[in-house]
Protein chains: 2
Amino acid sequence: MNPINIRIALVEDDERFRTNLKKYFDLTDPFEVIFTADSVESGLIQLEAHDDLDIVLLDIGLPGMSGLEGIPLFKKVKPELDVVILTSYEEEQKILKALCSGATSYISKRTRLEEIASALHIVHSGGSFMSPSIAREIVTYFAKGQNKEKKKILTSRQTEIMELMIEGNTYSSIAQALLISAETVKSHIKQIYTNLHVNNKAQAIAKYMAN
Amino acid sequence: MNPINIRIALVEDDERFRTNLKKYFDLTDPFEVIFTADSVESGLIQLEAHDDLDIVLLDIGLPGMSGLEGIPLFKKVKPELDVVILTSYEEEQKILKALCSGATSYISKRTRLEEIASALHIVHSGGSFMSPSIAREIVTYFAKGQNKEKKKILTSRQTEIMELMIEGNTYSSIAQALLISAETVKSHIKQIYTNLHVNNKAQAIAKYMAN
DNA sequence: CTACAATCCCCCATTTGGGGGGTATCTGAT
DNA sequence: ATCAGATACCCCCCAAATGGGGGATTGTAG
């Protein structure tokens, strides 16, 4: 067997698209289509019989069990399997759910076959590929999360020290990082405790991280 | 002006890399380098004078203010500006922070220039590009999040002690609350640190609260 | 002028973390 | 039935870190 063979499976209910993909990958090195399925259920059964699989290309809009529900099941049978979502659903909710369930990549069906192949190469070498529109949804998600502005009870210097404290630094290592004296760090931390109405590191971190 | 012109700015302290990028983009259509800067501070000043900017390419490891801190400032001056991080820092923490601050894309410095250009095209047309290794960090982050319920790294006793520790109790006050010896509390906490792969209270609390 | 952030210093008791050592149950796998 | 492993429990030593109490000087913004 070719050492750089990439063994894939296709789980897709649209027969035309599925056979198209299979044809393409059958003709394209170094891909090897181990099996195809038109549902999660059938895919799972076939997966049991083929433990040499690298990547499963999974659609979301499947009859019966959805691809979204299927992800954890595939990962359960073979945890090191890379699940690549190939679908036309691009809503944030579906994307996030897929990623949370353990999908490695999320590719739009509009993507050209060569680009899908390139994505699979990336995945096989330990990376991850996101279609531009999908990636945009993800960054939007993160940016939204930040909009919750938190209380400005700490000065910028105090925040800086707080962050370093959370990383487990001692007063002196914080001092070194900020090029100030450990005594100064201590003074700042005293002040932090006063501002947060606490009197030790544990409570301070808890309070700081809670908001 | 060419309607498909992409007006970019480079904020990067490594002079060689910066001039390289500038040369490349100066020669490559449809890019136009509006200005370059070697620090966030200088970049912000120049941004005020150029309101026709589309994208800023920003390094993270800058002297003075870090790129991470700079992102919100750039977005504040010009909210519709797309901030593209181009850096060699690939730690999850930095990546997430950048995305939360409003970065649109995050590209590894190891990326070929043509690919960077292609990423900028994607960003300019409303998408987002992530380097494979970066994207992988992001999906890992999501996958971890899902395991939060399954995060039973701590036994029930350890959890109990952890909660009391977060409230700021000392070993002896935890001992009193649980009617055991302080030495036992200490043993438990040692074990907690082992399980969480940390070695002090601060990191333990941060890790415990993060999930 | 005043308040406040940021910097620095000393003293000293308490807490912590890391290194040992141990016993008693309970559970799951052989 | 037994036995390894996990869990909970207890103890000692000692260096390092922390926290609380004093104090001080700058610079800056209101």
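Since the structure is predicted, the reported quantities are computational estimates derived from the model, not experimental observations. To find a chain, count down the sequence lines: A is the first, B the second, and so on, and within it residues start at 1.
One N or O donor and one acceptor, one from the side chain of E183(B) and one from the base of dC12(D), sit under 3.5 Å apart.
Which of dT7(C), dT16(C), dC9(D) sits closest to the side chain of S187(B) comes down to dC9(D). Side-chain proximity of T170(B) to the nucleotides dT16(C), dA8(D), dT18(D) is greatest for dT16(C).
Residue S172(B) is out of contact with every strand shown, counting any heavy-atom pair closer than 4.0 Å. K190(B) comes within 4.0 angstrom of a nucleotide base, judged by non-hydrogen atoms across all strands. Using a 4.0 Å heavy-atom criterion, one finds that T184(B) contacts the bases of the nucleic acid, with or without backbone contacts as well.
Mapping S156(B) and M165(A) onto DNA chain D via the closest heavy atom, the residue that lands nearer the 5' end is S156(B).
The separation between H188(A) atom NE2 and dA6(C) atom P is 6 Å, rounded to whole Å. Rounded to an integer number of Å, the gap from CE of M162(B) to P of dT7(D) is 17 Å. One can place CD1 of I161(A) at 13 Å from C1' of dC8(C), the figure rounded to the nearest angstrom. Between Q203(B) atom CD and dT16(C) atom P there is a gap of 16 Å when expressed in whole angstrom units. Between I174(A) atom CD1 and dG19(D) atom P there is a gap of 11 Å when expressed in whole angstrom units. As a whole-Å value, the separation of L178(A) CG from dT7(C) P is 8 Å. For the pair Q191(B) CD and dA6(D) P, the computed distance is 9 Å after rounding to whole Å. Rounded to an integer number of Å, the gap from K186(B) NZ to dC9(D) P is 17 Å.
Under 4.0 angstrom from either OP1 or OP2 of dC9(D) there lies at least one side-chain N or O belonging to R157(B). For dG19(D), one of the phosphate oxygens OP1 or OP2 lies less than 4.0 angstrom from a side-chain nitrogen or oxygen of Y171(A). One finds a side-chain N or O of T155(A) lying less than 4.0 angstrom from the OP1 or OP2 phosphate oxygen of dA6(C).
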Item to complete: Apply ring-ring contact (aromatic ring centres under 6.0 Å, His included) to the pair H121(A) and F31(A), showing each step before the final yes or no.
Response: CA-CA 9 Å; H121(A) 275 290; F31(A) 296 101; 5.2 Å; yes
Discussion item. If you apply the rule salt bridge (charged side-chain N to carboxylate O under 4.0 Å, His left out), what do you find for D52(A) with R7(A), and how did you get there?
Written reply: CA-CA 7 Å; D52(A) 57 347; R7(A) 288 147 303 197; 5.0 Å; no
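R157(A) places a side-chain heavy atom less than 4.5 Å from the side chain of L178(A).
For the residue pair S108(B)/E90(B), the side-chain donor-acceptor check at 3.5 Å is satisfied.
Ring-centre distance between F142(B) and Y106(A): not below the 6.0 Å cut-off.
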